[in-house]
Structure formats: structure tokens, C-alpha cells
Amino acid sequence: MKILSKVMKIEKEKFTALSEKDQNLQLLRILTAIATEIDSLKQNVEKRFTVLETLVQQNPRGTSGGQPRLENGRANHSAKPNGQVARHEKEEGDEGPGSRPSSWPNKSGGSDRPQTHTADDKPVVINVGGIRFFVSWSLLERLPQTRLGRLRSCRTNEEILELCDKFNIEDNEYYFDRHPRNFGAVINFYRTGKLHLGEEGCVVAFKQDLDYWGIDELYLEPCCQQRYYQSRELMSLDRVEKVEEPEFFRPGTLGRIQKCLWDLFEKPHTSIGARIVAIISIAFIVISTVVLTLNTLPYFQVVDKNNDVTDYPLFALAEAIYMSWFTFELLVRLVSCPDKCKFIKNPMNVIDLLAVLPYYVSIALVSANTKAGDLTEVRRIAQFFRIMRIVRIFKLARHSTGLQSLGYTLKNSYKELGLLMLFLTIGVLIFSSLTFVFEKDNIEDTKFATMLDAYWWALITMTTVGYGDIAPTTPLGKVIGAMCAICGVLVVALPIPIIGNNFANFYKSERRREQIQEKRAALEAKKRDGNITPFGQNLRLNVTELDHGGGHWKS
């Protein structure tokens, strides 16, 4: 032993003295020898199993002496001691007459009588993930549309294997390769007709098991419905996620340029250049809003020779610059988009068009006004389009998750908003009518001259605005006003939590989606830099390069 220890120590010192490349070569030679021995051993074992399987197939009755039968070249140690087992798997597809029970119709017979696998008094063994459940055919026939219920009507091996993973006709056993987490609740539903949540309590797993066994969630008992649907709502399982459709560009160099421009102006998260373009757009939107506000101040108003108010020269130059940018951005996105029809139908693109259109329309109207003379109506229209430039602020929704969440909330809360408007309308009609009657009959010089005035008062009171321009003065009118204010608080407060919950859920979902995209982009960047190797491609060793002295490990 001492001599062997000294030899091993000397060999270890020699191995340590080698360079890293030589060490890798020595390890490769050792591992190659081990792999060769393992492969040789595997081939010998497979040959022995093949010979043994051939002997068993030639003498099938000789296996009844307590020896296990073979299945796919392996001993079936789960068979009964008498060995009379006929197992079928999806890979075999055996439909020989020896593997079919006598009660099944022959392929050529075409019998239409109902299929009976075995005697009805023999229990059916449902093996789910290694756990056996003993039931009867009469129990499974209570729900014939489910996966277990359809086993009764199967006539061929293929039909059975479409429902289960393996089966043993003689033992009346059917194997399902699934986790048995919720199968207790499923089999209890067959027995009692009452469906309860499984012991695990995971809603996603329970829903997947129900779908697999062919049971509708509507059978769920009332005691479990609240917990089930509340969990689904919290996890947003019922909300349909918007799936991004793939984008197709033309092949060749033009297609690559088109995709590059589209990503640059449409997807700020794809590159640093795209983020810079987005920042420039946001800056111009803010500048345009500030310029529009400052243009109304008397200090910056310029009067021309016709006594018409015109834009301040510096503001006019700034507006021409950022409007040129908005126009250029819209045209580039229109030219580079993969689907022109989808681009035109997009509401955000319609907003972009409305943001640049008033500028050019106002220029055209001013030019027409100059040529045609003093046209007051044309100036009013031009002023209207100048005010419409405030639509540019909605361009921020393209870069703001909060504004997108607000739009989604208004779109998906139309029922709650409709309910709010209905309550307000009913309250306004009731309280305005009562107040108008009491105020009109008792006071001659009242501010409630018409029902329209009463409607206005009831609306601003129920919405808790209360401008103070009109108010009841009679005692009964004040009582009605107090009731109107209290009911208004209740009416407005009832649907607000639902709308706020929709906003919060969508905002969290959008933020989560943005974080996932950022993580994916970071992962791709690390893969390109070589910091992360895709799964299955690590530790690749080029043996040819190693033999020539130029190999290296890839980690």
C-alpha cells in the first residue's frame, strides 16, 4: 500500500506540473477510455436482453413459473407472480389477435355490440402517477363524457392509448402519467357528485387537472367557488393576454434597413439609439406644450400691419422645428412598418396624425385668408385648429405606461362607467325636479329660471364640485340640496374602487411585461458577449483542435 501511495503521489505531482492544456488532454484520454468501456458494457447487456426476450417470445408459456415477463427489453417486475400479464404502451402499437380480449369485436367482424373489457364485477384499477385507485365501470359510466368515462367505449388499442399512457387488460389496470395531487377530488366527484378543491389548493394545477380529466369547473361546489374564482381573479387567469403577432419584413438589404428603422422609431427598448429617439420625441412634446402656453401671454403677442395677432418669431421657428420632427417621425414609421393596414388602424398613430394635421391646416387657412382678404370666419377656423395642437400631449401615451393604463381602464370599465352615469342621471333628474318646484313657486326672483338651471345645480352638487353660482334659498330647497349632496357622494364612491382596481391590475401587468422584456434583452446581450452559454452548449471541447494543440474549453 505504501508503494502504491508513493506512485500515486508521484503521478499527481507530474499531472500538477503539466500545463492547463496538457492536463485537459490527459483528462480527455481518461474520459474517452471510460466512455469506451461503458459503451462496450452497454452493448453486451443489450445483446443479453435481446436473446432473453427472444427466448421468452418463443416459449410464452414457460414464463408462468414465477419469472417476470419482459416489456421493451426490460424485466417487468411489477407483474403478478403468475406472470399472465399483457401490457401495452403507446410506442408498441400491438394489435395482434393474441393481444385482444375475446370480448372485443374482431377487425373483420364489424360487431356493433357494446365493448366490455372484462367482467363488470372486476374492479377497475386507475393508476395515477404510481398510486392505484380501485373503482367500478358503473361508477365511471356516471360521467361518460369525461376521460375515464370514455374508456368504457374504447374498442381498439389506439383508442385506449389516446386516453391513457399504458394499460393492462388482464389486470384491468390503466396507467396515467400525471401527478395524483387532485385526483382524489376527481374520483370523489364520481362517487358523490360533488366537486371540491383539491388538497394542494393551487388553482392553476387544479384547473389543469380538471381540463385533463374532462370535468367542467362549473361543477364546483358553492363552498369552494369563492376561493377558486377569487384566486383566478388575483392571478389574472381569465384575462386574455395580448399576444404579439410576428412581424414580417421583405428579404434582403431593404428588409434589414426597414426593420432597423422600425425598431429605432417604434421600440424604444431595443437599443440605445431607439431610446435617444424616444427622448427627443418626449422633449419636443413638452416644448410644444410650453410654447403653446407662452404664446397666449400678452408679452409674446405680435400685432402685424393688419392688426392681427401673430406668433412670436422665436416660437414660430421652434414650432416649425418640432413639427418637422413629428412629421418626419410619422412618415418614417409609416414607410418602415411591416403592415400598413394595421398601422393606419392603430389609435396611437391616429393621434400622431391629428397632432401634426392642425399645424398644416392652420398654415393653409392663414394663406387663404391673406389672399382672400379679411375673412373673419376663416380666422376663427384657423384659431380652432391652433387650439387643436394640444392633441400632441397624447403622444406621450406612446412612451408612458401610466397613460396606456388609463386608456385600458376606461376601455375595460365601460360597465362601471355606464353604471355611474346612470346613477348620476337618475339623481340629477329627481333632485333637480324637486328643487325647481320648491324654488320656482316660492320665490319670484329665483336663479332656477328653467329646468336646465336646475339640472346644472344638481350635477355640480352630486359631483361635489359646488361652484356656488346657483343654490336653493327656501327651507325645503335646502333640505333637497343636502340630500342631493349626500346621495352624490355615495353614487360617485360606489363604482370608483372597481375602476381603480382595473387600473392597478393593468398597470402591474404592463410593468411586469416591461421588466420581462428588459431581462430578456439583458440575457441576449450576455449571450452575445459570451458571459452566458445557452443550455446544452456548455463545456464543448473540440477534439480535433486539441490534437493539433489549438483547442480550448467553452464555458
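As a basis for the values below, the full set of heavy atoms in this structure was taken, side chains included, without hydrogen atoms, waters or symmetry mates. Numbers here simply count residues along the sequence, with the first being 1.
A donor-acceptor pair is defined here as one N or O able to donate and one able to accept, closer than 3.5 Å; no such pair exists between the side chain of R250 and the backbone of G255. Judged by distance alone, with hydrogens and angles left aside, the side-chain atoms of S413 form no donor-acceptor pair with the main-chain N or O of E416 at under 3.5 Å. For the pair D171 (side chain) and E173 (backbone), a donor-acceptor distance under 3.5 Å is absent. Here the side chain of R152 pairs no donor or acceptor atom with the backbone of W137 at under 3.5 angstrom. Side-chain atoms of N127 do not come within 3.5 Å of backbone N or O of R132 as any donor-acceptor pair.
Partners of D263 by side-chain hydrogen bond (donor to acceptor under 3.5 Å, both in side chains), not counting sequence neighbours, listed by chain and number: K259. Residues meeting the side-chain contact (heavy atoms from CB on, under 4.5 Å) test with I344, sequence neighbours left out: none. Scanning for ring pair (Phe, Tyr, Trp, His ring centres under 6.0 Å) contacts around Y414 gives an empty result, with sequence neighbours left out.
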| task | Could you please spell out the steps behind the side chain to side chain contact (heavy atoms under 4.5 Å, CB included) verdict for C164 and I160? | result | CA-CA 6 Å; C164 64; I160 296 179; 3.6 Å; yes
| said: The test is side chain to side chain contact (heavy atoms under 4.5 Å, CB included); show your working for F431 and C487 and say whether it passes. | reply: CA-CA 10 Å; F431 293 114; C487 292; 3.8 Å; yes
| said: Working note: D177 + K166, criterion salt bridge (charged side-chain N to carboxylate O under 4.0 Å, His left out); need CA distance, chi angles, decisive distance, verdict. | reply: CA-CA 9 Å; D177 189 12; K166 301 177 184 178; over 6 Å; no
| side chain to side chain contact (heavy atoms under 4.5 Å, CB included) evaluation trace for Y229 with V203 | CA-CA 9 Å; Y229 289 108; V203 173; over 6 Å; no
| Working for side chain to side chain contact (heavy atoms under 4.5 Å, CB included), residues V356 and D352 | CA-CA 7 Å; V356 300; D352 291 343; over 6 Å; no
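Atom CG of D216 sits about 9.5 Å away from atom CG of L195, to the nearest 0.5 Å. For the atom pair T192 OG1 and R142 CZ, the distance stands at 9.0 Å (nearest 0.5 Å). Here L220 contributes atom CG and K194 contributes atom NZ; the two are 12.0 Å apart, rounded to the nearest 0.5 Å. Atom-to-atom distance recorded for L424:CG and L419:CG is 10.0 Å, nearest 0.5 angstrom. L151 contributes atom CG, which lies 6.0 Å from atom CG of L148 (distance to the nearest 0.5 angstrom). Considering OG1 of T464 and CD1 of I486, their distance stands at 13.0 Å, rounded to 0.5 Å.
Aromatic ring pairs are classed by plane angle as parallel below 30°, tilted from 30° to 60° and perpendicular above 60°; the pair F265 and F328 is perpendicular. Using cut-offs of 30° and 60° on the angle between ring planes, the pair F189 and Y219 is tilted.
Minimum interatomic distance between L264 and G273 (heavy atoms only, all atoms of both residues): CD1-C, 3.4 Å. In terms of heavy-atom proximity, S432 sits nearest to A458 at CB-CB, 3.9 Å. Annotation for P123 and F134: closest pair CB-CD2, 4.4 Å, computed over non-hydrogen atoms. Heavy atoms only, all atoms of each residue included: L143 and T146 are closest at O-OG1, 2.7 Å. Between K340 and L334, the shortest heavy-atom contact is CE-O, 3.0 Å. The heavy-atom pair separating E159 from S153 by the smallest distance is OE1-O, 4.1 Å.
Here the side chains of W262 and I257 are not in contact, with every heavy-atom distance at 4.5 Å or above. At a threshold of 4.5 Å between non-hydrogen side-chain atoms, the residues E170 and N168 count as touching. Contact check for I131 versus F133: side-chain heavy atoms found under the 4.5 Å cut-off. When side chains are defined from C-beta on, F343 does not count as touching P338, because their heavy atoms never get closer than 4.5 Å. You'll find the side chain of V124 reaches within 4.5 Å of the side chain of Y174, heavy atoms only. Within the 4.5 Å cutoff, no side-chain heavy atoms of R275 are placed close to those of T270. With a 4.5 Å cut-off on side-chain heavy atoms, Q145 and R150 do not count as touching. Taking the side chain as every heavy atom from C-beta outward, Y228 and L197 approach each other to under 4.5 Å.
Under the 4.0 Å criterion applied to side-chain N and carboxylate O atoms, D209 and R178 are assigned as salt-bridge partners.
Among the candidates V204, L210, D211, the single residue satisfying the side-chain contact (heavy atoms from CB on, under 4.5 Å) test with Q208 is V204. Under the side-chain contact (heavy atoms from CB on, under 4.5 Å) test applied with I187, the options V128, I126, V135, N182 reduce to a single match, V135.
For CE of M348, the number of neighbouring non-hydrogen atoms (other residues, nucleotides, ligands) closer than 6.0 Å is greater than 12. By the neighbour-count criterion of 12 heavy atoms within 6.0 Å, atom CG of L218 is densely surrounded, having more than that number from other residues, nucleotides or ligands.
Centroid-to-centroid, the aromatic rings of W213 and F176 come within less than 6.0 Å. Ring-centre distance between Y467 and W456: below the 6.0 Å cut-off. In this structure, F167 has its ring center at least 6.0 angstrom away from the ring center of Y175.
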